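Just the heavy atoms: all of them, side chains too, but no hydrogens, waters or symmetry mates, feed the values below. Remember, it's a predicted structure, so these values are computed and weren't measured experimentally. Start at 1 with the first residue, then count along the sequence.
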Amino acid sequence: MEADDMEHITITEFCQIADGLYKEDDQSDFMHFILSGHLPDNAQTIVDPFGDHDEHDQYRVTHDFDLVIGLESDLDAITSAITMYPIPKREDTLFCSIHLTAHFEKSTGGFEAPIHKVPNLCIGKWNVHNSIWVLIPELWDKDQNLPFLTQKELKLFYEKGLRLAIINLLGAQATKWPPDYISEMF
């Protein structure tokens, strides 16, 4: 598809469209739009980052517009098949700065931290470039430099969290999953 065949929209229009789609009960159109630029009628959009400005304005562009990061506590918006990892790959841990800070809660109270500093693991992927990271704020320590989980923490996460959730969701089909962390490591 040529750029001339696409609907050119400004960043403001992109945000307005995304906001309207986000407020709908079924957020699959929202996810599809923010990740691919396709409108619900399947028209392709292209964001013109300078469309909101006068051509005589001075610009200093420092953003990577092909990256979308969202924090979501519910996976209902994903309508594609998800590949899940019983044992997450260490290299998929989010440890490089993504230049975003968020508010988190833990048993000792709330805190603000860069997202990549909060202990996390990638438990799955869908489509080509989409990942599901689980952030575990309870393990966060302001003096900790890296967000990697220890083997003991990974074992606890699998056996007391992920595996139980899979059993709850899949019932008898969950027998295809490793019974414990050690079995998968073998």
Side-chain angles (χ1 to χ4, degrees), residues 15 18-19 22-23 26-28 30-36 62-186:
C15 292
D19 187 54
Y22 182 76
K23 291 177 181 171
D26 177 8
Q27 293 185 348
S28 59
F30 167 76
M31 295 294 287
H32 189 67
F33 174 69
I34 65 168
L35 295 174
S36 71
T62 60
H63 300 291
D64 180 357
F65 291 108
D66 66 352
L67 177 64
V68 177
I69 297 173
L71 296 178
E72 180 60 59
S73 59
D74 191 345
L75 299 178
D76 285 347
I78 301 172
T79 57
S80 301
I82 299 172
T83 300
M84 299 290 294
Y85 305 124
I87 306 296
K89 298 177 185 172
R90 183 177 173 88
E91 62 265 20
D92 287 339
T93 300
L94 186 59
F95 65 93
C96 292
S97 178
I98 56 172
H99 311 288
L100 291 176
T101 298
H103 179 82
F104 297 95
E105 292 290 332
K106 59 189 275 186
S107 59
T108 58
F111 65 94
E112 298 276 330
I115 292 172
H116 72 285
K117 294 284 188 178
V118 176
N120 69 86
L121 56 146
C122 180
I123 63 165
K125 295 186 177 188
W126 83 98
N127 290 341
V128 180
H129 299 289
N130 303 298
S131 298
I132 301 169
W133 281 283
V134 174
L135 302 171
I136 308 175
E138 196 64 34
L139 298 177
W140 180 78
D141 179 349
K142 66 180 177 174
D143 299 324
Q144 180 178 332
N145 289 326
L146 295 173
F148 301 104
L149 276 66
T150 65
Q151 288 297 312
K152 182 179 178 181
E153 291 165 340
L154 287 169
K155 180 180 187 300
L156 183 65
F157 176 81
Y158 179 76
E159 293 177 3
K160 302 294 184 188
L162 184 60
R163 175 129 171 62
L164 297 178
I166 294 298
I167 290 169
N168 188 41
L169 290 170
L170 299 181
Q173 291 180 349
T175 58
K176 297 176 183 176
W177 278 64
D180 55 33
Y181 185 80
I182 300 300
S183 297
E184 180 66 10
M185 291 297 288
F186 180 70

CD1 on I34 to CE on M31, rounded to 0.5 Å: 5.5 Å
From H116 NE2 over to C96 SG, what is the distance, rounded to the nearest 0.5 angstrom? 7.5 Å
Heavy-atom check, side chain of I136 versus side chain of F157, under 4.5 Å: yes
Partner of Y181 under side-chain hydrogen bond (donor to acceptor under 3.5 Å, both in side chains), picked from E159, Q151, K152, is Q151
Determine, stepwise, if the pair L162 / M84 fulfils side-chain contact (heavy atoms from CB on, under 4.5 Å). CA-CA 10 Å; L162 184 60; M84 299 290 294; 4.0 Å; yes
Identify each donor-acceptor pair in which a side-chain atom of residues 118-126 lies under 3.5 Å from a protein atom, sequence neighbours left out, and give them as a table.
from, atom 1, to, atom 2, distance (Å)
N120, OD1, L94, N, 2.8
N120, ND2, L94, O, 2.9
N120, ND2, V118, O, 3.0

Looking only at heavy atoms, what is the nearest atom pair of L139 and Q144, with distance? O-OE1, 3.4 Å
Which label fits F111 and W140: parallel for a plane angle under 30°, tilted from 30 to 60°, or perpendicular past 60°? parallel
Are there over 12 heavy-atom neighbours, none belonging to F104, within less than 6.0 Å of that residue's CZ? yes
Checking Y158 side chain against E184 main chain: does a donor-acceptor pair fall under 3.5 Å? no
Write down the atom of S36, the atom of H32, and the distance for their closest heavy-atom approach. OG-O, 2.6 Å
Heavy-atom closest pair (F33 atom, A18 atom, distance to 0.1 Å) is CE2-N, 3.9 Å
Checking T83, I82, D92 against I132 for side chain to side chain contact (heavy atoms under 4.5 Å, CB included), the one that qualifies is I82
Keeping R163 on the side-chain end and D180 on the backbone end, is there a donor-acceptor pair under 3.5 Å? no
Shortest non-hydrogen contact from L154 to P88? CD2-CG, 3.8 Å
How far does CD1 of I98 sit from NZ of K117, to the nearest 0.5 angstrom? 12.5 Å
